[in-house]
Amino acid sequence: MTKRYRVGIVGATGMVGQRFAALLENHPWFDVTAVAASSRSAGKTYAQAVEGRWFMKTPLPEAVGNLTVQDAEDIQAMKDKADFVFCAVDMKKEEIRALEEAYAKAEIPVVSNNSAHRGTPDVPMVVPEINPEHLEVIPAQRQRLGTKRGFVAVKSNCSLQSYVPAIHPLMEFGVTDALACTYQAISGAGKTFETWPEMLDNVNPFISGEEEKSEREPLKIWGRVENGRIVEAQTPNITSQCVRVPVSDGHLAAVFLRFANKPTEEQILERWAGFQGEPQRLNLPSAPKQFLHYFTEPDRPQTKLDRDLEGGMAVSMGRLRPDSQYDYKFVCLSHNTLRGAAGGSVLLAELLCAKNYI
């Protein structure tokens, strides 16, 4: 692709917004030309706005640091500077829904990291390797909004990125029941150990709203487009337990599955090894070459060792074995702020551009 796109980041000063700024440095298709945040940061340079709270391990990109922060509510200013925006704001859900639709109605496509629109029937919630066909609902959304270019597309909850990709290639065997226990990094709460010292040497068994998202959102991902809306799948039955653990990045999941047509272990491993999605077929810039990796070592994957696999965009599995109550169990891992947040959104934007929705 030779065309380059001007990109804005709305919510640029938060942890996910910073991850967008870092990820998009030297991107082959996208140039960050605008950053926006709350009115408290508006008017400052981006470097001034994040001074003393730049959470990324890599240096602040100089070009982005020199940009003047816009007020996120000043949609016209962003329209003049960006072809589309990534949105990762910290606001109430109803405020986020209103803001994102306002951008869309101003003919600015929105690729959202937020949860506010995940339940909206004509807003595609896409894991690019799993359900790219859900982008077909965008024309119906544009009709509802009265737009020609503008729309909202979202990525799913970060914890889903660890186990839903591992389950997806096995759906042909009729997955009837799934149990997923996730062990989630503190960056999923927008925190570091410096800002959340009480998480050192600690485990917190409660993450507000996380289990409901983990049980409901996969059904939309596995749903179908019908009459201008996405109809959720009815199966599998999913139950989850979500726990915050003292690691910086990386969500680990312990998964238990029951099948209508039980596969062999060899068949499961074959499906994982052979799985490719649309991003791999299109050779999108942020797509991992191998989406799913299986480790044969009994103590892998490990969060610290394996979360950055393929630039943090791959999903890794291990410890596949029979279970006494379910058919099989295994563990899996993804990087929550890369594959699970900003990186997943960038990959979704690449897919939208490749498919001419942007």
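Reckoned from all heavy atoms, side chains included, excluding hydrogens, waters and symmetry mates. Quick note: residue numbers are just sequence positions, from 1.
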Under 30°, 30 to 60°, or over 60°: which ring-plane class applies to Phe30 and Phe86, parallel, tilted or perpendicular? perpendicular
Gln267 (side chain) donor-acceptor with Thr264 (main chain) under 3.5 angstrom: yes
Between Tyr103 and Phe84, is the ring centre distance below 6.0 Å? no
Between Ser39 and Asp71, is any side-chain donor less than 3.5 angstrom from a side-chain acceptor? no
Just checking, is any N or O donor in the side chain of Ser240 or Glu211 under 3.5 Å from an acceptor N or O on the other one? no
Looking only at side-chain N and O atoms, does Asp80 offer a donor or acceptor that is under 3.5 Å from a partner on Gln76? yes
Between Thr58 and Ala22, the two heavy atoms sitting closest are OG1-CB, 3.9 Å
Near Arg258 CZ, under 6.0 Å, is it more than 12 heavy atoms from other residues, nucleotides or ligands? yes
Could you verify whether a donor N or O on one side chain and an acceptor N or O on the other, from Gln280 and Glu129, lie under 3.5 Å apart? yes
Do Asn157 and Ser159 have a side chain donor and acceptor closer than 3.5 Å? yes
Leu284 and side chain to side chain contact (heavy atoms under 4.5 Å, CB included): which partner among Pro279, Cys353, Pro128? Pro279
Give a yes/no verdict on a cation-pi contact between Lys191 and Phe55, requiring under 6.0 Å between NZ or CZ and the six-membered ring centre and an angle within 45° of the axis. no
Using a distance-only test with no angle check, is there a side-chain donor-acceptor pair under 3.5 angstrom linking Arg19 and Thr337? yes
Gln161 and Asn336: side chain donor to acceptor below 3.5 Å: no
Should we say atom CZ of Arg271 is surrounded by more than 12 heavy atoms from elsewhere, each under 6.0 Å from it? yes
Any chance the rings of Phe330 and Trp272 have centres within less than 6.0 Å? yes
Between Tyr163 and His251, is the ring centre distance below 6.0 Å? no
Nearest heavy atoms of Val154 and Leu348, plus distance in Å: O-CD2, 3.6 Å
Pair Ser286-Glu350, side-chain donor/acceptor within less than 3.5 Å: yes
Quick check: are there more than 12 heavy atoms from other residues, nucleotides or ligands sitting under 6.0 Å from CZ of Arg281? yes
Modelled atom types, side-chain donor and acceptor of Asn283 and Lys289, under 3.5 Å: yes
Does CG belonging to Asp90 count more than 12 external heavy atoms closer than 6.0 Å? no
